[in-house]
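Here is how names work: the chains are called A, B, and so on, in the same order as the sequence lines, proteins then strands, and each is numbered from 1. Heavy-atom basis, side chains included; hydrogens, waters and symmetry copies ignored.
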Protein chains: 4
Amino acid sequence: MQKTKIIFERMRGLPVSRQAVEIVERKGLGHPDYIIDAACEASSVALSKYYIEKFGRILHHNLDKGLLVGGKATPRLGGGTVDEPIYILIAGRATLYVNACGERHDVPIGEIVRGAVKNFIKNNFRFLDPDKHVVIDYKIRQGSEDLINVVESESEVPLANDTSFGVGFAPFTPLENLVLETERMINSPKFKTIVKESGEDCKVMGVRMKDEVVLTVADGIVSHLTPDLDHYVSVKEEIAERVSNLAAKLMENFSVDVYVNTADKIVEGDSENSSIYLTVTGTSAERGDDGNTGRGNRASGLITPNRQMSLEATAGKNSISHVGKIYNVVAFKIADRIYKETGAFEEIYVRLLSQIGRRIDQPLSISIQYIPSRPINSTIKYEVSEILLSELRNITKITELVLEGKVTLF
Amino acid sequence: MQKTKIIFERMRGLPVSRQAVEIVERKGLGHPDYIIDAACEASSVALSKYYIEKFGRILHHNLDKGLLVGGKATPRLGGGTVDEPIYILIAGRATLYVNACGERHDVPIGEIVRGAVKNFIKNNFRFLDPDKHVVIDYKIRQGSEDLINVVESESEVPLANDTSFGVGFAPFTPLENLVLETERMINSPKFKTIVKESGEDCKVMGVRMKDEVVLTVADGIVSHLTPDLDHYVSVKEEIAERVSNLAAKLMENFSVDVYVNTADKIVEGDSENSSIYLTVTGTSAERGDDGNTGRGNRASGLITPNRQMSLEATAGKNSISHVGKIYNVVAFKIADRIYKETGAFEEIYVRLLSQIGRRIDQPLSISIQYIPSRPINSTIKYEVSEILLSELRNITKITELVLEGKVTLF
Amino acid sequence: MQKTKIIFERMRGLPVSRQAVEIVERKGLGHPDYIIDAACEASSVALSKYYIEKFGRILHHNLDKGLLVGGKATPRLGGGTVDEPIYILIAGRATLYVNACGERHDVPIGEIVRGAVKNFIKNNFRFLDPDKHVVIDYKIRQGSEDLINVVESESEVPLANDTSFGVGFAPFTPLENLVLETERMINSPKFKTIVKESGEDCKVMGVRMKDEVVLTVADGIVSHLTPDLDHYVSVKEEIAERVSNLAAKLMENFSVDVYVNTADKIVEGDSENSSIYLTVTGTSAERGDDGNTGRGNRASGLITPNRQMSLEATAGKNSISHVGKIYNVVAFKIADRIYKETGAFEEIYVRLLSQIGRRIDQPLSISIQYIPSRPINSTIKYEVSEILLSELRNITKITELVLEGKVTLF
Amino acid sequence: MQKTKIIFERMRGLPVSRQAVEIVERKGLGHPDYIIDAACEASSVALSKYYIEKFGRILHHNLDKGLLVGGKATPRLGGGTVDEPIYILIAGRATLYVNACGERHDVPIGEIVRGAVKNFIKNNFRFLDPDKHVVIDYKIRQGSEDLINVVESESEVPLANDTSFGVGFAPFTPLENLVLETERMINSPKFKTIVKESGEDCKVMGVRMKDEVVLTVADGIVSHLTPDLDHYVSVKEEIAERVSNLAAKLMENFSVDVYVNTADKIVEGDSENSSIYLTVTGTSAERGDDGNTGRGNRASGLITPNRQMSLEATAGKNSISHVGKIYNVVAFKIADRIYKETGAFEEIYVRLLSQIGRRIDQPLSISIQYIPSRPINSTIKYEVSEILLSELRNITKITELVLEGKVTLF
């Protein structure tokens, strides 16, 4: 058994929540980068389930490269058309056929991947029709080494497929919470029944300078539900008000200014010369905004430039051996548990480093960086170790959680 | 004139170079993520030059979404073939035609973009033939608003096209220097004449735990220059030795272990059953490794999870108004100048935050975080302000530097 | 007014029905060449209707180039899967935007074309799901000259867009009737309720040597409705019997042998080693059989190598000015009317030759070749002239018939 | 040994050359349909040669479906640019890997197909640069049955892969000769040195009404070699004159009117308002004219609606077992030999009908239709039989001729 080096290190700086400037962003459900992340991830999950059903376990694949090319649309107050479809291309490698018992079994990769992307869109958008508005294609090749894996014993803990690392932190700052919850609220079923004009493409950016927060929401208002300019303005006001109410709850000791669609130029009573943010389908992908996998939110669901971040795309990677996915998820889980269960820290960072070919439950090193909230004695350290060990022992459970959609990946 | 808020903030932690664990990575010239970054950037630069030549200034465009789908190759000791080409797809928006003086002028976008990608490959690879081994395609649409910009006065400082931010730091840690210089050495013309078997696809990962450094180099050895297994082993040894020599110079007070192609499994005298890292063309893109724009190195040329990082892709964005590109470049320039010219800091972070519609020389806020190396008095603060102001005054010069290829972008 | 040269010419040979060898073929509904023809034509019809609705008349377009790339499927007795989708690409030119009243109107070309292809598949196939089994894409460019046409007066008879010709004949030989009716029967709703296992991909080839006819039917039997080899054999027998009955009616004075799926190799009781013609979806396009527009049936609905044939694809061309489409349709109509109304001919060929830029109701020349069944006097010639003139006067009615799907095009 | 039925049949009509109306067309080298035919055929030939080199014989393939999507260009008198590339897509099936001696051998299909298309363009066009002006892609799948063929004995005569037929005739009429030779002259190296402005895209249509011939040449004049309108007109005149001279030689007893680029509208001294046929690269494919495989010339090199024609595309089919290719070629060869060697016929048609699974040297039937020039006695019939038999015995030689480019296919 290989030994994992564990390094505890006290950080001497301020936790992010007390730094002078903090920037947090979330690209919401309908953002092109989110869509392509979700499309890759849905493909991986569907493929994994197929592998399990047919072969008893998840075979090698990696679908973490994707491209969304925006379409062409003409949104108009009270109407609008989608003129050219959005183009989604999923790329990567997978086990496309298996020779078992002397017989060749072909994986219906087209049906799996395209079906998964369609279902994601169907289940998450009200006005984006995957059959009418989207061309879904894929370029997925058989990996050369893949066949071999099939005969491997399946009892073993998987080996890391790369030298890579994952990073997680806890707790979220108030601003991080606010940004995350704002997008979740706007894209919740309840909100969609109240402010049905709000599009799924919603990007939230929060900037805090000391106690002052500016929260900017860009939301593509659905054109055919918005008959005129006055209506548009009232929708924006309603969104702003509801977000302000949320902010008042989540950041009560701060001054929070909320802005919606700041790039608008509204000439009252003159929709012709006004420039506003309308979409036919709820996403700007309809009009030429493109997306790339791995360019959106991190495994926290956020983009947090004040924080250490991994650049790995979690979306689309297999959840068995791809440490660029698993270690990010587990690092957040560990950080969260340490923070909550010990109650001893003001801020915690957890970094796990893999080495290609090592068992994934035995990282090359684990680094715990912390700002304590009270003195760290050996009891606390022991608790931390126990959490670490139990999470590593159960690391293969991450796979299940990913397949069930129970972890935040982006 | 809008005011820019400037915030100085002392950081209380340790500089990265003195933290217990440090991870640094660089994806080299031939890495699929690097190739697609470079392809997008070459396209933007060529298009910008065309716009300048024809219309006197750079018109709106944004080519920062790309996909490289790996090909299929059969490398063999002493030979090998490329069986299916690499597929490169450049996506984004551009000004595709201009109505000037009552006449429509069409931009030869195909020739510009495809020519630029080809030239990048021709000028940087010895064995990757863009005409034989690569299919280059593009999906670039006319932006709806683009035409308008053409009639705008060109004397003005451009307005930020997005609410975004850039971050830079100084100085580089010894490990950062080592990782960067290792890749640069391996991909230098000189090295290629000495160890001609070394492929352009070279990924360097450095991990430091206190004083101990593990430097892992993955390099796709060129198959037709490598007749047998012994030769392969000797090439690896030569690379390792030369990197070790470099490390000895750049990190003399550390213990540095250098590994090359650690995933190899070599069965002596039995190439059949050995598993080694060979490429026909010098890049793993030939064999199914895919790439996405914006997934590789940051504007430092490195991936530095210990550091604050921007997730923006610099590659392919226009260098006139796209703050996701310009602010990252200028933040590094400011940090570097402050560090060198004042001599007062151990570590500096510079963050610039834009607001959509604001002049780019007037960011919404600038945040300077620092660890001082000596007491910071008002003279030093004045010096810092002067550097800031002069760089902002000259921010439009960044464009030129980008067009001339004089700044590191990834 | 330009004069049309009319040439009557007596043919001295035997009518096809009395020649020693006759070959007739029909590619049925589910044949890849038929599908891509139908996809191009459905696109043109939908686009024409859109133009009429929005702009009052059909604008310039030509969508007569298409490609169907076969998918990948694993049909199995009693089941089967579609592993990779069929790929349909519609190419050509169209009027993509119109500047009317100072406002630009964009044509939702994506929705129109893709919707039309989907509807064709949905309405004609039972087991081919356009959303699951087919990727539908298009590459349609704006023609440079197209905009101009919009301002043209619309009262005029259109001008021929090309120097081209159309050819038609009458009557059909008994074998031609049999081949046509065989496919129509097999793909009729009634037949599909009785022999539901018969796939839509049905190719019928008839060869007559003197009085002996060999009729070969290739039909992709639907796999999930066919549990075992015995069932498969009985389906083939049922098809053969029903076709034989039809043949007995339509060619009662001939000996007709009917064969179904002659390439099968059946090893009784051993489906493993048998080679049979199964499809999951009813079309061989699911398994790599490709199609190109204009490669299937002529405007007669048949391929008739004994006959003069036009090589023009009728599918996808606009039905306003494209003589390669209109002249083929009208030539068949004229031949049919002359044959039936005069009762004076054993065989008639009608050829219309256009000249680019001439009004389409004034062909450069019309050639009537005939084998008389009784002496041709001036009364009959007058009748023929009257038929010609009336059809040319009403040539613009062809457009309507095409839009209503009331003419055979392939 | 299976018996081939041979049917001699006297035709009672007039030979085409004496019919009242005759229409003949040839799409020249640079026509989009010709280019895509040639691209498919070049791919098949290159692949066949590869198979022979590596495996000793031609393996199964069929690359006869292709699509050329026209580019976008702005030709201008004295200059011009190609704005968007031509897109060529080769589709079909091939043997992509072979398991021989327990080892898998992958066929470098990408390099073969794309290299072949490039070479065709490089060797045949002066101003069309395959690397700059063309995107070459392919969608070629492994046929399911293909692997099996590899182990078949190779001494055998191949079996027909389809039920199909080929048709040939002799002799050519004077008009057929003229149309063919006109295009060959215009695209000959000699002509290109004299009238270097003449583009490779040259379509020739000949219409004969009794003794009067109208020969229409459409030729895309190369823009950068044509400085002004006067020059353009003089180029057209020179082409017309040289074609007239050829016509005077080949059809001396006819009145031949030659027209070049009849769709032009020339306003003297006003190039702005003139509409002329210019190309930057010599082919209209640069500007949106699309092409499909099998839509151009038949195996005679011509389109001859007065004649029996096969609709099979010869281009891209394998020349070993694909009767749709081989039988068309051999039918022309037989017809030609019978016509020349016996001297007994005014017109001859030869039709060969295959049956799927039969040896290709034993067609199901051969039909010889003829118009005699002198009485047909048993000696002549014997001669005809001998020619038939010798050509069938040597039918596998067709393969060689095809690989050497020594037969006309389109």
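Interface remark: of the candidates C:Leu311, C:Asp64, C:Val167, C:Leu311 forms the most heavy-atom pairs closer than 4.5 Å to chain D. Most heavy-atom pairs under 4.5 Å with chain C: of the set D:Ala263, D:Gly71, D:Gly296, D:Ser275, this distinction falls to D:Gly71. Comparing C:Ile140, C:Leu14, C:Val69, C:Thr216 by heavy-atom pairs within less than 4.5 Å of chain D, the highest count is held by C:Val69. Contact count versus chain C (heavy atoms, under 4.5 Å) is highest, among D:Lys72, D:Met205, D:Gln19, D:Arg307, for D:Gln19. Of the listed residues (D:Glu9, D:Glu312, D:Lys203), the greatest number of heavy-atom pairs within a distance under 4.5 Å of chain C belongs to D:Glu9. Ranking D:Leu364, D:Thr163, D:Thr293 against chain C, the residue ahead of the rest is D:Thr293, based on heavy-atom pairs under 4.5 Å. By number of non-hydrogen pairs under 4.5 angstrom with chain C, the leading residue of D:Gln308, D:Lys65, D:Arg12, D:Arg10 is D:Lys65.
Contacts between D:Ala218 and chain C at a heavy-atom distance below 4.5 Å are absent for every atom of the residue. D:Val214 does not touch chain C: none of its heavy atoms, backbone or side chain, sits under 4.5 Å away. No part of D:Ile371 comes within reach of chain C, as not one of its non-hydrogen atoms sits under 4.5 angstrom from that chain. Looking at D:Asp162, the atoms closer than 4.5 Å to chain C (heavy atoms on both sides) all sit in the side chain, from C-beta outward. Looking at C:Arg298, only its side chain comes within 4.5 Å of chain D, counting heavy atoms on both sides. If you measure heavy-atom distances from D:Tyr87 to chain C, the contacts under 4.5 Å come from the side chain alone.
Expressed to the nearest 0.5 Å, how far CD1 of C:Ile23 lies from CG of D:Leu353 amounts to 4.5 Å. Here CD of C:Gln355 is found 6.5 Å from OG1 of D:Thr262. Values are rounded to the nearest 0.5 Å. To the nearest 0.5 angstrom, D:Ser367 atom OG is 9.5 Å from C:Met209 atom CE. Atom NZ of D:Lys210 is separated from atom NZ of C:Lys5 by 8.5 Å, given to the nearest 0.5 angstrom. The CG atom of C:Asn306 lies 13.0 Å from the CE atom of D:Met309; values are rounded to the nearest 0.5 Å. Distance CG/D:Asn62 to CG/C:Asp289: 8.5 Å, rounded to 0.5 Å.
Closest of all the heavy-atom pairs between C:Ile7 and D:Ala20 is CG2-CB, 3.8 Å.
A 4.5 Å side-chain heavy-atom check between C:Asp290 and D:Arg141 finds every atom pair outside the cut-off.
Side-chain atoms of D:Arg295 never come within 3.5 Å of backbone atoms of C:Asn292 as a donor-acceptor pair (strictly under, hydrogens ignored). In this structure, the side chain of D:Arg351 engages the main chain of C:Val21 through a donor-acceptor pair within 3.5 Å.
Applying the side chain to side chain donor-acceptor pair (under 3.5 Å) rule to C:Arg18 yields the partners C:Glu346; only residues at least two apart in sequence or on another chain are considered. Residues satisfying the salt bridge (charged side-chain N to carboxylate O under 4.0 Å, His left out) criterion with C:Asp33, sequence neighbours excluded, are C:Lys27.
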